There are 2 protein chains.
Amino acid sequence: MTQEAVKPVRPVRPARPVRSPAVSRRAVLDAATRLVEEQGVAGLSMRKLAAELGVAVTSIYWHVGNREALLDELVQEMVHGLETLAAAGSGPVARVLSLATGLRRVLRGHPHLIGLVNERGLTPAMFLPSQRALAAEVAAAGLGGTRAAEAVRAVQYHVIGFVLVERHTDRSPEQHPTAEELWLAEPAADTVLAGAFATPVDSDRLFTVSTEALVRSLLEGPFPAFELT
Amino acid sequence: MTQEAVKPVRPVRPARPVRSPAVSRRAVLDAATRLVEEQGVAGLSMRKLAAELGVAVTSIYWHVGNREALLDELVQEMVHGLETLAAAGSGPVARVLSLATGLRRVLRGHPHLIGLVNERGLTPAMFLPSQRALAAEVAAAGLGGTRAAEAVRAVQYHVIGFVLVERHTDRSPEQHPTAEELWLAEPAADTVLAGAFATPVDSDRLFTVSTEALVRSLLEGPFPAFELT
DNA sequence: ACCTGAACACCGTTCAAGT
DNA sequence: ACCTGAACACCGTTCAAGT
């Protein structure tokens, strides 16, 4: 109590924060990110978030506004954290394929991103870098103008669509009846073909095969549809 | 009151239905179908349904069990009502393309069906008819076994994926910034290319071009990836 | 600056009770 | 057989009030 003899040192703690905040905006964002990754966008609830952080629901609102604003922020962080793709390999086909593969990998890493970005009107902005990279390779292959733009968009639709189908497959329950069961139940069916369809889909291989077929045809083949214009 | 003189005729109304039911199972299903078409699956609420039919919420439960069972029934009706596809045209490429176009048209007519069917594990069953039709054409083109199955799956993934991307586009708000704005803002960009990308996507044409490129390559082209196995 | 509970308008679902 | 209201456990959000 009688400490006047000792010159008081500058207090270690600054004067302002009398008590430290129970949660931070950062903590809310991190918890929300985890919830979305584990349970999907629908699994993100303000009340779950509050319970997980040991705080009243209304505190969450003070830090991030509301659920929509919270999702906006998550989307912004995700998009900002996306790696920029660079083509690799030699020859236009190989280089376009490397971009397609990279785009698929990035999108698979953030399964909810496509929908969230699209709802917020950010789709063109998000895909601009990959679109530019693809356009450069397509131009190097000798395509120009409308035809180049169409080839780029065809690859983009193909890759994004493939990832969306994969996402459906990933989060689907056991399908019943199985394609295998259906094909083996066919009485008059080609048994070789039935056997081939009974094999589960190897999606990596299917992506490679289909994308290569598409890209080769777009860059090298004749295009009757193009000539119509 | 004194009617004993007159032999009572058989009453017109049967004795059982003292009062007619307020709603029928059929009416619930129809109202639910309309709600889903107008507001999406998330817009289907048991309470909205009840309000629309002028009945207590719990009546809905008596007729259809619960929300999940109601959706099950809707899915079953939708799948049952799907037209079966038939190939048209001459030559394998044209016939496969006609199947792809038909599949896209059917799927676009029921935008929520893919997700609902998949959640219920009915995806293989739903796509079996189109898969069989595609397989027949691919076999006619000379492919067999694994290679035929892979070609069929490539087309299926492409078409379904394309429709999923289109669905995103359809239900997206105004995108901002636009692809047009982004490309025109590029200082060092190829102005011809920028102009091409500034044009809005013609999705019918894009579907035709990309699908034809894919199918041609799958049925006619050389496939390095196939040789690896 | 940061947190709280109360309150409101929505959900899906169950239950006991009516006719 | 068919419908009802009450009740429960969930939502997102706003507000006035605390410190």
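Just so it is clear: chains get the letters A, B, ... in the order the sequence lines come, proteins before strands, and each one is counted from 1. Remember, predicted model here, so these are calculated numbers, not experimental data.
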Pick the closest DNA chain D nucleotide for A:Thr58 and for A:Lys48 by heavy atoms, then say which residue is nearer the 5' end.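 In this pair, the answer is A:Lys48.
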
Taking 4.0 angstrom as the limit, do A:Glu83 and A:Arg105 come out as a salt bridge? yes

Polar side chain donor-acceptor pair, B:His158 to A:Ser210, under 3.5 angstrom: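 Not at all, the side chains of B:His158 and A:Ser210 share no donor-acceptor pair under 3.5 Å.
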
DNA chain D-proximal residues of residues 65-75 of chain B, any heavy atom under 4.0 Å: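 Here the set is empty: none.
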
Could you tell me whether B:Ser45 contacts a base, only the sugar-phosphate backbone, or nothing, with contacts defined as non-hydrogen atoms closer than 4.0 Å? sugar-phosphate

Report which part of the nucleic acid A:Ile60 touches: base, sugar-phosphate, or nothing (heavy-atom distance under 4.0 Å, all strands).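 If one applies the 4.0 Å heavy-atom cut-off, A:Ile60 turns out to touch nothing in the nucleic acid.
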
Nearest 0.5 Å, what's the OG1-CD distance between A:Thr33 and A:Glu73?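 Rounded to the nearest 0.5 Å, the OG1-CD separation comes out at 9.5 Å.
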
With rounding to the nearest 0.5 Å, note down the distance linking NE2 in B:His168 to CG in A:Leu164.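 If we round to the nearest 0.5 Å, B:His168:NE2 and A:Leu164:CG are 4.5 Å apart.
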
Identify the stems formed by DNA chain C, where each pair is Watson-Crick or G-U wobble with both distances under 3.5 angstrom and a stem is at least 3 consecutive pairs.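 Listed by first number, the stems are C:4-8 with D:12-16, C:12-16 with D:4-8.
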
Any side-chain heavy-atom pair from [X] and [Y] closer than 4.5 angstrom?
X        : Y        : result
B:His110 : B:Leu116 : no
A:Arg120 : A:Leu71  : yes
B:Leu70  : B:Arg67  : no

Which of the following nucleotides, [options], is nearest to the side chain of [X]?
X       : options               : answer
A:Tyr61 : C:dG5, C:dG12, D:dT14 : D:dT14
A:Val23 : C:dC3, D:dT4, D:dT14  : C:dC3
A:Trp62 : C:dC3, D:dT13, C:dT14 : C:dC3

Please give, in whole Å, the distance from D:dA9 P to B:Met46 CE? 20 Å

I'd like to know if the side chain of B:Gln175 reaches the main chain of A:Leu122, judged simply by a donor and an acceptor atom lying under 3.5 Å from each other, with no hydrogens or angles considered.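 Pair found, side chain donor or acceptor close to backbone of A:Leu122.
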
For DNA chain C, whose closest nucleotide is more 5', that of A:Arg47 or that of A:Gly54?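 The 5'-side residue here is A:Gly54.
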
Presence of A:His63 side-chain N/O under 4.0 Å of C:dA1 phosphate oxygens OP1/OP2: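 Result: no.
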
Students often mix this up, so state it plainly: with edges at 30° and 60°, are the rings of A:Tyr157 and B:Phe162 parallel, tilted or perpendicular?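 The arrangement is tilted - the two ring planes meet at 30° to 60°.
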
